[in-house]
Amino acid sequence: FQQFRDDHEKRDFVSSGTAAGVATAFGAPIGGVLFSLEEGCSFWNQALTWRCFVCALTATFTVNLLLSSYDWLTTDGPHDTTLLSNPGLVSFGAMTGQYRVYELPLFGVMGAVGGVLGALWNFLNIRLTMLRRRYVTGPPRRFAEPLFVAFLVSLVMYLLVALLGECQPLPAVVPEGDKADTFTSAGAKAYCATGEYNPMGVYFWSGIEDTIKHLFHTKGVDVYEPNLLVYFVAFFLLMCITYGIAVPSGLFLPTICCGAAYGKLVGELLLSWGWDVNPQTYALMGSAAMLGGIMRMTISLTVILLETTNNVNLGMPIMLTILIAKWTGDLFNIGIYDMHIELKHIPLLEWEPEKDLMTLTAFDIMTKDVVSLPMKPKVEAVVMTLRRSHHGCYPLVNKDGMLLGAILRRHLLRLLHDNAWANTLSHYELVELLDEGEDEILELAAVQANLSETLDLSLYANTAPFTFGPAAPVPRIFATFRSMGLRHLFILDDERVVV
């Protein structure tokens with residue numbers, strides 16, 4: 001599979017994998033593609049669109065087939081062994097909630113509050129992450145931290161259920177929309193006699209997916225608003241502490257659950273004040289508000305929620321809530337994913353350049369000390385250049401400094417590794433990954449013994465690299481990087497000399 005070793009192909013694989021991951025988690029292939037487009041890529045084109053879409057659909061079908069096969073094997077009695085009914089790992093069930101036009105402003109206010117809460121959560125989490133990077137270092141501490149956090153979360157959940165939970169009589173009939181049987185679960189029976197249930201146990205001990213289903217669907221049961229408030233505040237803080245520890249944990253489900261508690265609380269309060277509203281719809285809007293406030297995505301979040309709840313009727317309020325949450329949160333800080341990308345110095349271009357770059361030119365941001373090579377350098381010159389600099393690409397110039405082409409650093413290392421002064425490499429050999437480190441290659445006996453040999457780089461160079469002049473505006477350069485998927489760009493003066 002050497003044809004997939006190219007940088008562009010690697011980026012496409014990452015984008016397709018991102019789309020497939022979201023699609024399999026939520027059974028949302030279109031949402032997965034939009035998530036990859038909105039949050040996971042610096043470069044996008046039509047070919048990548050269909051690649052991601054086919055990958056997401058295939059992943060959704062594969063998960064559906066595997067989960068449905070498991071159901072066939074574990075279901076007793078007669079059943080249809082050809083029915084595929086599990087499109088994703090997580091399912092919230094179809095939403096039947098409706099809304100009235102006058103509720104749209106209420107959803108907008110919920111979005112604004114969600115944006116403020118999301119900005120606060122992002123602020124707290126990134127400060128905690130910076131403390132982790134400073135003090136939680138080394139394998140022993142990174143191993144011990146998840147154990148401590150797990151103990152802390154378990155202790156808080158246990159104490160809240162034990163101290164604040166008040167047993168209520170079980171409903172005479174199964175509440176409408178109770179898709180998770182939460183009233184008969186072990187958590188619901190915590191510290192209660194037969195015929196009773198503990199609302200705090202339902203929230204804290206039912207599992208996050210069952211809790212979301214309970215908040216989204218269950219109605220016809222009296223809800224004690226202080227319980228929801230305690231659950232929301234506790235989950236908000238515990239989620240902030242947990243995200244970032246050294247375990248493969250996600251943020252989607254916790255944010256949806258936290259937001260559902262916030263929205264259900266708002267809906268129940270409005271209902272108790274005499275408003276004719278559906279608290280289940282408000283639970284979904286609360287999830288949308290928290291997702292928009294924390295992650296700052298718009299289209300992909302809307303489509304994912306629509307695909308998981310199977311109710312297009314709620315598209316407009318979901319989009320409105322998410323947009324207002326994003327706009328409000330952007331007044332304070334950026335999204336949590338962008339914060340972690342910046343903290344880890346991952347090279348990812350946003351959709352638009354930052355405001356302080358809009359008036360700059362190429363001269364203001366370019367590297368002034370250019371490190372270049374001739375088209376036919378000595379092996380010694382190549383070795384010394386690679387040791388003294390760490391650029392990913394080098395311009396190839398003539399004796400007057402005029403640009404003739406460019407060559408990647410990893411290609412130079414491959415040429416040294418394979419003794420290119422004595423034989424010619426094919427394209428597939430040139431792009432093949434190296435097993436050795438840079439220092440090992442530069443110290444190879446064959447390299448050290450042939451420092452006076454000449455490398456003909458014209459056989460491997462890119463002779464038509466992208467170039468701009470020193471006066472080129474940064475927004476135009478930014479657009480070129482994004483649209484063409486570039487990593488390097490050379491700035492030339494009027495005589496085509498690299499400056």
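Just so it is clear, the structure is predicted and the values come from calculations on it, not from any experiment.
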> Could you walk me through whether Met297 and Leu291 pass the side-chain contact (heavy atoms from CB on, under 4.5 Å) check?
Replying inline: CA-CA 8 Å; Met297 294 180 289; Leu291 285 170; over 6 Å; no
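- The number of heavy atoms from other shown groups lying within 6.0 Å of OH (Tyr191) is above 12.
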>> Quick one, Phe92 with Leu284, criterion side-chain contact (heavy atoms from CB on, under 4.5 Å). Give me CA distance, side-chain angles, the key distance, then yes/no.
In response: CA-CA 10 Å; Phe92 305 137; Leu284 179 60; over 6 Å; no
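- Ala56 and Val33 make their closest contact through CB-CG2, 4.2 Å (heavy atoms, listed as atom of the first residue, atom of the second, distance).
- A salt bridge between Lys213 and Glu209 is present, with a side-chain N of the basic residue lying under 4.0 Å from a carboxylate O of the acidic one.
- No donor-acceptor pair closer than 3.5 Å links the side chain of Ser68 to the backbone N or O of Leu65.
- Summarising the geometry of Met316 relative to Tyr99, their closest heavy-atom pair is CB-OH, 4.0 Å, with the distance given to 0.1 Å.
- Looking at Tyr70 and Leu66, their side chains never come closer than 4.5 Å, going by heavy atoms from C-beta outward.
- Counting non-hydrogen atoms of other residues, nucleotides and ligands closer than 6.0 Å to CZ of Phe468 gives a total above 12.
- In terms of heavy atoms, Asn198 sits closest to Gly165 at OD1-CA, 3.4 Å.
- Within 6.0 Å of atom CD in Glu225, more than 12 heavy atoms from other residues, nucleotides or ligands are found, so the atom counts as buried in its surroundings.
- Not a single donor-acceptor pair under 3.5 Å links the side chain of Arg142 to the backbone N or O of Thr137.
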> side-chain contact (heavy atoms from CB on, under 4.5 Å) between Leu117 and Phe232: does it pass, once the steps are laid out?
Replying inline: CA-CA 11 Å; Leu117 292 173; Phe232 167 69; 3.7 Å; yes
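- In this structure, the side chain of Glu307 does not engage the main chain of Gly27 through any donor-acceptor pair within 3.5 Å.
- Asp364 and Thr361 share a side-chain donor-acceptor pair at under 3.5 Å.
- A donor atom on one side chain and an acceptor atom on the other are found under 3.5 Å apart for Arg296 and Asn333.
- With Ser36 contributing its side chain and Gly32 its backbone, the two residues share no donor-acceptor pair below 3.5 Å.
- Side-chain atoms of Arg100 come within 3.5 Å of backbone N or O of Asp276 as a donor-acceptor pair.
- Listed for the Arg141 side chain is a donor-acceptor partner under 3.5 Å among the backbone atoms of Tyr135.
- No option in Thr211, Ile208, Thr255 other than Ile208 meets the side-chain contact (heavy atoms from CB on, under 4.5 Å) test with Phe235.
- Of all non-hydrogen atoms in Val474 and Leu357, the two that sit nearest each other are CB-O, 3.5 Å.
- Under a cut-off of 6.0 angstrom, the local environment of CZ in Phe151 is sparse, with at most 12 non-hydrogen atoms contributed by other residues, nucleotides or ligands.
- Annotation: side chain of Asp210 is not in contact with side chain of Trp205 (no heavy-atom distance under 4.5 Å).
- Ile322 and Thr302 get closest at one heavy-atom pair: CD1-OG1, 3.6 Å.
- No side-chain heavy atom of Gln168 sits less than 4.5 Å from a side-chain heavy atom of Glu196.
- In this structure, Glu145 contributes its side chain and Val136 its backbone to no donor-acceptor pair below 3.5 Å.
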>> For Arg133 and Lys344: C-alpha separation, side-chain torsions, deciding distance, then whether side-chain contact (heavy atoms from CB on, under 4.5 Å) applies.
In response: CA-CA 10 Å; Arg133 292 169 65 90; Lys344 296 180 180 179; 4.0 Å; yes
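- In this structure, the separation between OH on Tyr243 and CG on Leu251 is 5.5 Å, given to the nearest 0.5 Å.
- Residues Trp121 and Met290 form no side-chain contact, since every pair of their non-hydrogen atoms from C-beta on lies 4.5 Å or further apart.
- Distance check, rounded to the nearest 0.5 Å: CG of Leu270 to OG of Ser272 gives 7.5 Å.
- In this structure, CG on Leu343 lies 12.5 Å from CG on Asp338, to the nearest 0.5 angstrom.
- Counting heavy atoms from C-beta outward, Pro317 and Met285 have side chains that approach closer than 4.5 Å.
- Contact detail for Leu160 and Ala234: the closest heavy-atom pair is CD1-CB, 3.6 Å.
- Legend: residues meeting disulfide (SG to SG under 2.5 Å) with Cys393, ordered by chain and number and at least two apart, are absent.
- Between His214 and Ser206, the closest side-chain pair of non-hydrogen atoms is not below 4.5 Å.
- Counting only distance, with no hydrogens or angles, the side chain of Asp12 and the backbone of Arg51 share no donor-acceptor pair below 3.5 Å.
- One distance of note links CZ of Phe466 with CG of Leu489; it measures 8.5 Å at 0.5 Å rounding.
- Classification of the Trp275-Tyr102 ring pair by plane angle, with boundaries at 30° and 60°, yields tilted.
- The OG1 atom of Thr281 sits 9.0 Å away from atom CG of Asn313, with the distance rounded to the nearest 0.5 Å.
- Formation of a donor-acceptor pair under 3.5 Å by the Asn311 side chain with backbone atoms of Met95 is found in this model.
- Cys258 is listed as a side-chain neighbour of Phe236, based on a closest heavy-atom distance under 4.5 Å.
- Under the rule for a ring pair (Phe, Tyr, Trp, His ring centres under 6.0 Å), Tyr337 has no partner lying at least two apart in sequence or in another chain.
- Relative ring orientation between Tyr231 and Phe204 is described as perpendicular, the plane-to-plane angle rising above 60° on a 0-90° scale split at 30° and 60°.
- Of the N and O atoms on the side chains of Tyr282 and Glu268, not one donor lies less than 3.5 Å from an acceptor on the other residue.
- To the nearest 0.5 Å, the span separating CD1 on Ile126 from CD1 on Ile336 amounts to 5.0 Å.
- Checked by atom type and distance alone, the side chain of Asn122 pairs as donor or acceptor with a backbone atom of Ile294 at under 3.5 Å.
- The closest side-chain heavy-atom distance from Phe26 to Leu253 is below 4.5 Å.
- Taking the six-membered ring for Trp, His488 and Phe481 have ring centres at least 6.0 Å apart.
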